[in-house]
Amino acid sequence: MASLILNIEATASSEIWVTTKNHVSGPPRLPLWGSYWFVLLQNFKFLHIAFHKLAQKYRTSMLGLYLGPFATVVVHDYDGIRQVLTRPEFQGRIKPPVLNMRTYNNNRGIIFTDDQFWVEQRRFALRHMREFGFGRRFPHLEGVVKEEIQDMLDVLALCEENKGLHILFVEKAQSALTVGLCLEIFSGGLTLVPDLFYTVVFNTLWLMIAGDRYSTKEHGKLRYFTRQALRFQKSVDVTGNALVQTPWLRYFAPYYFGFTDLMETTQNMLKYMEEAVAQHKATYSDDHVRDFIDVYLKEMKKRGKTEEISSFSDEQLNVVGIDFLFPASTTVTSTLNFAMLFLVNYPEVQVKMQQELNAVVGRDRLPTLDDRARLPYNEAFLREVMRKEAVAPLGVLHRATEDTELGGYNIPKDTTMILNLWSFHNDPNFWGDPEAFRPERFLDDKGHLLKKDYSLPFGAGKRLCAGETFARHTMFLMLSALLQNFTVKAAPGKPLPSTEPDLPGIIITKKGMWMKFEPRA
Ligand code: HEM
């Protein structure tokens, strides 16, 4: 079968859009899955690598193909990517029926919606999440994050000191609950990542959304949500794979093609929001708005009186909630996971980061956001991690909302636009030595951060990741606090883990790993 497909590829025309004047090159279209067959043949696991190889093969930065019946262009270069990110006619989203099925059979939320609905809901959510500290400097929230990070460091120190299992017999263990936590993610002096990071990220966001934080005894619930979110991210690739191209597959092999995971995990995450919203309704007061859920309920009441049909609804509130919670709890923690891998593979980089922390912050207090500008090497490290391993290597799919052109090629309305951020981040013409892990590439001769960061792990333009500032703040605070107090090492006696991802999906991740956090003298 594979050789038959290769044969067809070699003989068929590579110009796929006979309806357009100026064709985009790419592999031909076969029955059922169109050009997807050729994509799978290039790399069955990681789509960003497959597209990258095909673009090289067709000597183009704009690859044209069909994913099933859908005309698609994959853009690989900086200029093309920036144009798609910033031009208004490329800000649509694809809305395949299977995606709608997950959210009350309605296209809801922010990430997968477009048009006026998306504009109104994104603007509202961001404006009001800011009131509770999202994406900005806000002393109350920074205090909470500090507490959460201090808890993480304390538990880490306690479990490290007592080597996990032995903690059961140590009086120092504050309670049986701490013991439970230690047993789950600490064992024999090693710590499980990314699980270590789940609490800080989830609790900080949950405080803004639902006005609450999970105490140690409820950490199981919080980790349950994060694992659902991760399972969701792993259920399909970012194109929705064969399930989007041939939706009837869900009747024949729902588990194999990811349909079961897609549905179950979304339902489980929605249940979280549904319960929180029900509790808020039971205790709601117009005079005392506690968090984002209350703000949203208030808006619904207001609009209910004035508008016949409003885009504000219970369903939309639930999906907006998970559209913040699922990326936050998976992308931030997975990026930190990659950061740990780069630290153990490049110990000299880790030493430099610790030296900078010693000089700027010392050891008597935790790093704060005020220190961030004075820790350029630590900042450059995070940028380099996200350049090398952008957890969302193809971003989220865009759609052309009208007939247009890009780079001299005609792009018909409704073309799916995929941005290969990974390919651009690894372009030797742009970065010189993209294969090298070198935080210095983001610094000038004097060690100051370069004014412009050309990498695009969060996208750009109107669809810029809604959580960029939150993610950058949280990752900086967690990483700098960890390195101020611990040295990260690979598990002794085991081969050094590679920095390459091993699990595909909407985001790419590493499997959970046991690592050593050695307290610094
Ligand atoms: C390292 C962490 C993260 C990375 C690398 C990342 C990356 C991205 C990317 C590439 C996009 C697509 C942009 C586009 O459509 O062109 C996106 C969208 C989005 N992200 Fe993130 N993200 C991260 C963290 C977060 C966090 C913490 C949140 C929320 C708390 C979040 C919420 C969203 C939302 C709501 C969108 C959809 C924006 C829209 O369509 O208007 N992300 N993110």
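Every number for a ligand or one of its atoms is a count from 1 in the order of the listing. Any value given below was found using the heavy atoms of this structure, including those in side chains, with hydrogens, waters and symmetry copies removed. Position 1 is the first residue of the sequence, and the numbers go up from there.
Regarding atom 12 (C) of ligand 1, its nearest protein heavy-atom neighbour is V396 CG2, 3.6 Å. Of all protein heavy atoms, the one lying nearest to atom 37 (C) of ligand 1 is I111 CG1, 3.6 Å. The protein heavy-atom contact nearest to atom 26 (C) of ligand 1 is G467 CA, 3.7 Å. Counting protein heavy atoms only, atom 41 (O) of ligand 1 is closest to R122 NH1, 2.7 Å. Here the heavy atom of the protein found nearest to atom 13 (C) of ligand 1 is R463 O, 3.3 Å. Ranking the protein heavy atoms by distance from atom 42 (N) of ligand 1 puts C465 SG, 2.9 Å first. For atom 23 (C) of ligand 1, the closest heavy atom belonging to the protein is T331 OG1, 3.3 Å.
Near G395, meaning under 4.0 Å from one of its heavy atoms, ligand 1 places the atoms 10 (C). Each of the atoms 27 (C) of ligand 1 lies under 4.0 Å from some heavy atom of F470. Of all atoms in ligand 1, listed by their number and element, those nearer than 4.0 Å to a heavy atom of F134 are 30 (C). Under a 4.0 Å criterion applied to the non-hydrogen atoms of L85, ligand 1 contributes the atoms 16 (O). Those atoms of ligand 1 that come under 4.0 Å of a heavy atom in T335, given as number and element, are 1 (C).
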>> Run F517 and N485 through side chain to side chain contact (heavy atoms under 4.5 Å, CB included) and show every step you take.
In response: CA-CA 9 Å; F517 290 81; N485 294 284; over 6 Å; no
>> Set out, in order, the CA-CA distance, both residues' side-chain angles and the distance that settles salt bridge (charged side-chain N to carboxylate O under 4.0 Å, His left out) for R108 and D323, then state yes or no.
In response: CA-CA 10 Å; R108 289 285 173 263; D323 271 4; over 6 Å; no
>> Between T509 and N337, does the side chain to side chain contact (heavy atoms under 4.5 Å, CB included) criterion hold? Intermediate values first, please.
In response: CA-CA 8 Å; T509 54; N337 200 359; over 6 Å; no
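Between F202 and Y272, the ring planes lie perpendicular to each other; the angle is over 60°, past the 30° to 60° tilted range. Ring geometry, F424 versus F430: the interplanar angle exceeds 60°, so the pair is classed perpendicular (tilted spans 30 to 60°).
Closest heavy-atom approach to atom 5 (C) of ligand 1 within the set A328, P457, G135: this belongs to P457. Considering each of M417, M475, H398, the one bringing a non-hydrogen atom nearest atom 16 (O) of ligand 1 is H398. Around atom 32 (C) of ligand 1, the closest heavy atom drawn from G459, P327, G109 belongs to P327. Comparing M386, H473, R93 by heavy-atom distance to atom 15 (O) of ligand 1, the nearest is R93. Among F112, F90, W118, F458, the residue whose heavy atom sits closest to atom 9 (C) of ligand 1 is F458.
Between F312 and F124, the gap from one ring centroid to the other is short of 6.0 Å. Taking the six-membered ring for Trp, F324 and F134 have ring centres closer than 6.0 Å.
When all heavy atoms are compared, the tightest approach of P247 to V98 is CB-CG1, 4.5 Å. Heavy-atom minimum distance, E131 versus F138: O-CZ, 3.8 Å. Contact between I508 and E389 at its shortest, heavy atoms only, is CD1-OE1, 3.7 Å.
With a heavy-atom cut-off of 4.0 Å, E468 does not touch ligand 1 at all. Residue D323 touches ligand 1 through its backbone alone, judged by heavy-atom distances below 4.0 Å. Within the 4.0 Å heavy-atom criterion, both parts of F324, backbone and side chain, lie near ligand 1.
Within the model, atoms CG of L479 and OG1 of T474 stand 12.0 Å from one another, a figure rounded to the nearest 0.5 Å.
Remark: the D291 side chain and the H280 side chain contain an N/O donor-acceptor pair separated by less than 3.5 Å.
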